[in-house]
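Read through the structure below, which is laid out as structure tokens, and then see the notes.
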Amino acid sequence: MANKADLIVGIQWGDEGKGKIVDMLAQKYDMVCRSQGGHNAGHTIWVDGVRYALHLVPSGVLNKDAINIIGNGVVLAPQSLIKEMEQFNESLEGRLFISDKAHLNLPYHSLVDIAREKLKGDKAIGTTGKGIGPAYADKINRVGHRVGELLDETKLCDSIMVEFAQNRPLYEALGVKTPSKDELLTQLKEYKKVLAPFIANTTKMVWDALDSNKKILLEGAQGTLLDIDHGTYPYVTSSSTVSAGACTGLGISPKDIGEVTGIVKAYTTRVGHGPFPTEDFGDVGETLANVGKEVGTTTGRGRRCGWFDAVIVKHSSRLNGCDQFALMKLDVLDGFETIKICVAYEYKGKRIDYVPSDLENVKPIYEDIKGWDTVEGINEFDKLPQGAKDYITRIEELTNTKVGIISTSPDRNDTIVL
Ligand code: GDP
Ligand code: IMO
Ligand code: MG
């Protein structure tokens with residue numbers, strides 16, 4: 001029987017700590033795949049005091065024996081990937097492959113993204129400004145360009161120039177300056193020179209790996225509440241961030257998915273605008289932001305912070321079919337006398353325990369849990385203080401999902417696997 005691919009998915013609004021867990025697990029996997037998103041993702045890995053920030057390169061890259069795949073569902077910014085590849089002292093040729101069907105996210109997409117956000121004023125989404133929405137919009141409008149087209153850069157250049165001509169009034173209204181034909185061709189030639197050896201039919205590669213019993217790990221980007229369908233629309237990203245998205249984003253069937261691990265922060269954070277019921281504007285939010293070093297890996301923006309919201313986490317577990325959670329950043333709650341968990345919402349005068357589509361209209365209902373001294377750096381379950389054990393048990397009860405991994409520092413080694 002063919003193997004199944006295990007999946008890692010963000011459960012809240014992203015930045016849960018997916019990079020750390022994928023890196024840790026990747027030591028035991030033959031292949032790590034990204035299936036959606038782009039360089040809006042920022043996955044941080046710490047190994048022996050060295051920090052790696054990954055945006056497009058899958059977090060399996062530090063395992064020298066693993067093959068890394070950027071799937072067809074990703075929007076790929078060549079200039080960003082080329083820069084990212086430079087942080088490694090060796091070539092990734094033979095270890096990194098990009099789907100020829102992934103869509104190109106070119107510099108003008110980013111300019112359009114930023115210009116549109118500016119025009120929206122106080123209705124802005126707070127995007128990363130990386131061109132993600134415009135690149136996916138072109139794909140859905142069937143005017144996008146795929147990575148495979150880079151191999152004939154002259155033809156690609158001609159067809160992008162036709163689009164520039166058609167869209168000139170739009171670009172002018174947005175104040176976006178598009179490159180000249182010569183500038184564009186020079187850019188595309190450079191992308192082709194560096195990236196051509198990496199372009200492949202990655203769906204076939206994943207099938208072959210599954211059929212020959214290789215171990216495959218699928219690395220989600222963003223988080224469930226940022227999903228284009230199931231997130232807090234319109235304050236979402238433009239891809240399917242839930243586990244089902246990994247199938248279309250790689251070309252595998254739901255039957256190919258094995259164990260699903262939801263990555264959950266022990267409290268809640270969000271970057272950008274949009275509803276966030278447990279957001280704390282006082283000392284608690286500030287402490288979580290400072291102790292948790294809650295600054296975006298991609299944009300350097302401060303993350304909004306608040307208590308754990310069990311209602312959204314239960315909802316996300318169901319949406320993604322989680323077999324277990326990895327509970328991250330438990331150490332950031334060290335030293336709080338009392339910790340709060342949101343167990344339900346008040347919504348239209350009633351108590352509810354599900355996520356309504358208009359999340360901006362709920363008020364959180366909290367339960368108090370007694371805090372603990374410290375869990376930082378602990379890597380054995382029995383050594384956790386009782387308060388931390390009680391917190392984990394309560395999360396499991398409220399979300400109907402077991403916690404199988406607990407993380408107590410950014411380092412790969414400070415992790416409890418149950
Ligand atoms: P991702 O986007 O889900 O991969 O998460 P990010 O890398 O954007 O943000 C998570 C941040 O938390 C990174 O700076 C990690 O190094 C850090 N981190 C991960 N796990 C832990 C943990 O258990 N404790 C602490 N204190 N930091 C952690
Ligand atoms: P990782 O993979 C947190 C947020 C942006 C914005 C919204 C739309 O590191 O968890 P976009 O640029 O995608 O159009 O922005 O989505 N966002 C993220 N927030 N972590 C991420 O990725 C994110 N990627 C996008 O802040 O609110
Ligand atoms: Mg991140």
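Both ligands and their constituent atoms are indexed starting at 1 by order of listing.
- Of all protein heavy atoms, the one lying nearest to atom 26 (O) of ligand 2 is Arg301 NH2, 2.9 Å.
- No side-chain heavy atom of Asp353 sits less than 4.5 Å from a side-chain heavy atom of Val343.
- Of the candidates Leu226, Asn40, Thr237, the one placing a heavy atom closest to atom 17 (N) of ligand 2 is Leu226.
- With Asn379 contributing its side chain and Asp414 its backbone, the two residues share no donor-acceptor pair below 3.5 Å.
- For the pair Glu219 and Ser59, the tightest heavy-atom approach, listed with the atom from each and the gap, is OE2-OG, 2.5 Å.
- Side chain to side chain, Thr415 and Lys20 meet the donor-acceptor criterion of an N or O pair below 3.5 Å.
- The distance criterion of under 3.5 Å between nitrogen or oxygen atoms is not met by Asp113 with respect to ligand 2.
- Nearest N/O/S atom of Asp15 with respect to the Mg ion (ligand 3) is recorded as OD1.
- Set against the non-hydrogen atoms of Ala221, the atoms of ligand 2 under 4.0 Å away are 2 (O).
- With ligand atoms numbered from 1 in the order given, ligand 2 contributes 1 (P), 2 (O), 9 (O), 22 (O) to contacts under 4.0 Å with heavy atoms of Ala41.
- Taking a 4.0 Å cut-off on heavy atoms, Gln222 registers as neighbouring ligand 2.
- Checking Phe308, Tyr366, Tyr391 one by one against Ile339, the side-chain contact (heavy atoms from CB on, under 4.5 Å) holds for a single residue, Tyr391.
- With a 4.5 Å cut-off on side-chain heavy atoms, Val264 and Glu16 do not count as touching.
- In this structure, Asp309 contributes its side chain and Ile312 its backbone to a donor-acceptor pair below 3.5 Å.
- Annotation for ligand 2: atoms under 4.0 Å from non-hydrogen atoms of Gly272 are 27 (O).
- A distance-only check finds a donor-acceptor pair linking the side chain of Thr401 to the backbone of Thr399 [under 3.5 Å].
- Considering both main-chain and side-chain atoms, Asp15 comes within under 3.5 Å of ligand 2 through a nitrogen or oxygen pair.
- A heavy-atom separation below 4.0 Å is found between Lys18 and ligand 2.
- For atom 12 (O) of ligand 2, the closest heavy atom belonging to the protein is Thr128 OG1, 2.5 Å.
- Heavy atoms of Arg270 stay at 4.0 angstrom or farther from ligand 2.
- For the residue pair Ser239 / Gln36, a side-chain donor-acceptor distance below 3.5 Å is found, with atom types taken as modelled.
- Near ligand 1, Asp15, Glu16, Gly17, Lys18, Gly19, Lys20, Gly42, His43, Thr44, Trp46, Thr297, Arg303, Met328, Lys329, Asp331, Val332, Ser407, Thr408, Ser409, Pro410 each place a heavy atom less than 4.0 angstrom from the ligand.
- Between Arg394 and Glu397 a salt bridge is recorded (basic side-chain N to carboxylate O distance below 4.0 Å).
- In the model, Tyr52 has no side-chain atom that pairs as donor or acceptor with a side-chain atom of Asp23 under 3.5 Å.
- Within the 4.5 Å cutoff, side-chain heavy atoms of Ser240 are placed close to those of Ile228.
- Listed by atom number, the atoms of ligand 2 under 4.0 Å from Gly42 heavy atoms are 1 (P), 9 (O).
- At a heavy-atom cutoff of 4.0 Å, ligand 2 is contacted by the side chain of His43 but not by its backbone.
- The side-chain heavy atoms of Tyr108 and Glu163, taken from C-beta on, include a pair separated by under 4.5 Å.
- The closest approach between a heavy atom of Val236 and any atom of ligand 2 is below 4.0 Å.
- Using a 4.0 Å heavy-atom cutoff, Ser238 is absent from the residues neighbouring ligand 2.
- Between Gly126 and ligand 2 there is a heavy-atom distance shorter than 4.0 Å.
- Counting heavy atoms closer than 4.0 Å to ligand 2, residue Trp13 contributes backbone atoms (N, CA, C, O) but none from C-beta onward.
- Looking from atom 15 (O) of ligand 2 to the surrounding protein, the closest heavy atom is Thr127 CA, 3.3 Å.
- For a threshold of 3.5 Å applied to N or O pairs, the pair formed by Val271 and ligand 2 contains at least one separation below that value.
- Residue contact annotation: Gly42 places an N/O/S atom under 2.8 Å from the Mg ion (ligand 3).
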Under the side chain to side chain donor-acceptor pair (under 3.5 Å) criterion, do Glu294 and Tyr267 qualify, and how do the steps go? CA-CA 11 Å; Glu294 295 296 351; Tyr267 47 101; 2.5 Å; yes
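- Salt bridge present: Asp208 and Lys204 bring a charged side-chain N and a carboxylate O closer than 4.0 Å.
- Between the Thr408 side chain and the Ile378 main chain, a donor and an acceptor come within less than 3.5 Å of each other.
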